[in-house]
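To keep things clear, I will list the structure first and then write my remarks on it.
Here the structure is a predicted model, which is why all the values come from computation and not from measurement.
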Amino acid sequence: MVDTIKGIYSQYVAVYNDEFRNKLIREQAITDSMENALAEKQFMVYFQPKNNLADDSMVGAEALVRWIHPVWGFVSPIEFIPLFEKNGFIRRLDGYVWDFVCSKLREWIDKGYKVVPVSVNVSRADIYQPFLVDYFRDLIEKYNIDPSMLHLEITESAYKENPEQIIKTVEELRQYGFIIEMDDFGSGYSSLNMLGKMLLDILKLDMQFIRNEMAKPVECSILIDIVNMAHRLHLGVVAEGVETEEQKERLKSVDCDYAQGYYYSRPVPVNEYEHMLIINGHTV
C-alpha cells in the first residue's frame, strides 16, 4: 500500500479504500491463476511485423504475449506484466515465449519459408540471471536456428540497476551472434549513457517519444539528430507505434530504417502471421 504514495513527498498517509481493495483482490486472483494459465497455454504469442520504411517490405516481427482467460477473456498485458515482474513469474513466462518463437522459426524454416528475424523481450528479471547466455545458446541449438534470427530486446531501464553486468551479458550474447535491440529508447534518462557504453545493434524509439516529436515543428525536433547519431554508431533504427501515413513519411524523411505499428499491422495470432509470411513473398 505504501507504493501508492511512494515518491509523493507532500503526502504521508495512504487511505485504504474500495478502489485499492479491489485492486488487491484482482492482483491476487491473477497471481492465483498464473500457474494454471501457463500449464493450459492460455498465454498466446502474437506477432507484430516490422517493416522497411524504404519499400514497406516486412523485415521482421516482435513476439508479444497475450493472455486469453477462459472466464475473464482478454487480460491486458498492462495489467499482468508489471505484476509478474514484481512476483518473479515473468521469468517463466518469458522462457515460454522464447521457446515458442524458436519452435515456430524452426517450423517455418522446415516448411521452406524465407523467415525473417523475430525479436523477443528480455525483462529486467531475466537479464541479470547468471545462466542467461547459456540458456539462449542451448535454446537455439535445440531448434537448430541461427542466433541472428532471434533478436533480444532489452529496455533501457534495465541498465540502471547493474550497468557492469548488463554490459558483460550483452557482449557475450553479441559474440555468440544474437542481435541486441535497445527497447524504449527515449523513454528515460539513462538512454544516452547506456548507448555510450554498451555495444548494440538496433535502437527502438519509444512510442511516446515518437508521438512527442511528431507534435513538434520539424525544425524543433531532435528526431533527425537521434537517427543520425544511431547511424554514426552503425545502428539500425526502429520506430515503434507508427499509426499514420504522416508519421511514416516524417520518419522516412529523417532516414529512419524501420517501423512497427498499427499503420502496418496490429499484433496478430501465429496463424495470421504465417499467412503474412506467405503473402509477402517469404516462401520459396
Residues in side chain to side chain donor-acceptor pair (under 3.5 Å) contact with T31, at least two apart in sequence or another chain: none

E249 side chain to E245 main-chain N or O, any donor-acceptor pair under 3.5 Å? no

Hey, is the main chain of I90 close enough, under 3.5 Å, to the side chain of E85 for a donor-acceptor pair? no

By side chain to side chain donor-acceptor pair (under 3.5 Å), N144 pairs with (sequence neighbours left out) none

Any donor-acceptor pair under 3.5 Å linking the side-chain atoms of E62 with those of N121? yes

Who pairs with N36 by side chain to side chain donor-acceptor pair (under 3.5 Å), at least two apart in sequence or on another chain? E40

Checking the side chain of D126 only, and the main-chain atoms of S123 only, is there a donor and an acceptor separated by less than 3.5 Å? yes

Could you report the tightest heavy-atom contact between V170 and M198, atom names first, then the distance? CG2-SD, 3.6 Å

ring-ring contact (aromatic ring centres under 6.0 Å, His included) contacts touching residues 132-152 (sequence neighbours left out): W98-Y135, W98-F136, F136-F178

Looking at CG of D257 and CG of L251, how far apart are the two atoms once the value is rounded to the nearest 0.5 Å? 10.5 Å

Taking all atoms of both residues into account, what is the closest heavy-atom pair of P77 and R66, and its distance? CG-NH1, 3.4 Å

Who passes ring pair (Phe, Tyr, Trp, His ring centres under 6.0 Å) against F89, sequence neighbours left out? F84

Any donor-acceptor N/O pair, D184 side chain to D206 backbone, under 3.5 Å: no

Just jot down the salt bridge (charged side-chain N to carboxylate O under 4.0 Å, His left out) partners of R92, sequence neighbours excluded, or say none. E35

Suppose we screen for side chain to side chain donor-acceptor pair (under 3.5 Å). Which residues come up paired with Y96, at least two apart in sequence or across chains? none

Just jot down the side chain to side chain contact (heavy atoms under 4.5 Å, CB included) partners of E171, sequence neighbours excluded, or say none. Q175

Under 3.5 Å, side chain of S103 to main-chain N/O of F100, donor-acceptor pair present? yes

Just jot down the side chain to side chain contact (heavy atoms under 4.5 Å, CB included) partners of H69, sequence neighbours excluded, or say none. S33, Q42, W67, V71, W72, V75

Contacts of Y262 that satisfy ring pair (Phe, Tyr, Trp, His ring centres under 6.0 Å) - sequence neighbours left out: none

N-O pairing of E246 and R250 below 4.0 Å: no

May I ask you to decide if D183's main-chain N or O and E153's side chain share a donor-acceptor pair within less than 3.5 Å? no

Note: R137-E172 ion pair, threshold 4.0 Å (strictly below): no

Is the closest basic N to carboxylate O distance between D110 and R106 below 4.0 Å? yes

CG on L139 to CD on E141, rounded to 0.5 Å: 10.0 Å

Which donor-acceptor pairs under 3.5 Å do the side chains of residues 44-54 make with protein atoms, sequence neighbours left out?
from: Q48; atom 1: OE1; to: Q260; atom 2: NE2; distance (Å): 3.0
from: Q48; atom 1: NE2; to: S265; atom 2: O; distance (Å): 3.0
from: K50; atom 1: NZ; to: S119; atom 2: OG; distance (Å): 3.0
from: K50; atom 1: NZ; to: E181; atom 2: OE1; distance (Å): 3.0
from: K50; atom 1: NZ; to: E181; atom 2: OE2; distance (Å): 3.0
from: N51; atom 1: ND2; to: D56; atom 2: O; distance (Å): 2.8
from: N52; atom 1: OD1; to: A54; atom 2: N; distance (Å): 2.8

Under the salt bridge (charged side-chain N to carboxylate O under 4.0 Å, His left out) test, residues paired with R174 that sit two or more places apart: D201

What closest approach, in Å, do T244 and Y263 show between heavy atoms, and which atom pair accounts for it? C-CD1, 3.6 Å

Pair E272-R266, salt bridge (charged side-chain N to carboxylate O under 4.0 Å, His left out): steps then yes or no: CA-CA 11 Å; E272 291 186 36; R266 295 171 178 267; over 6 Å; no

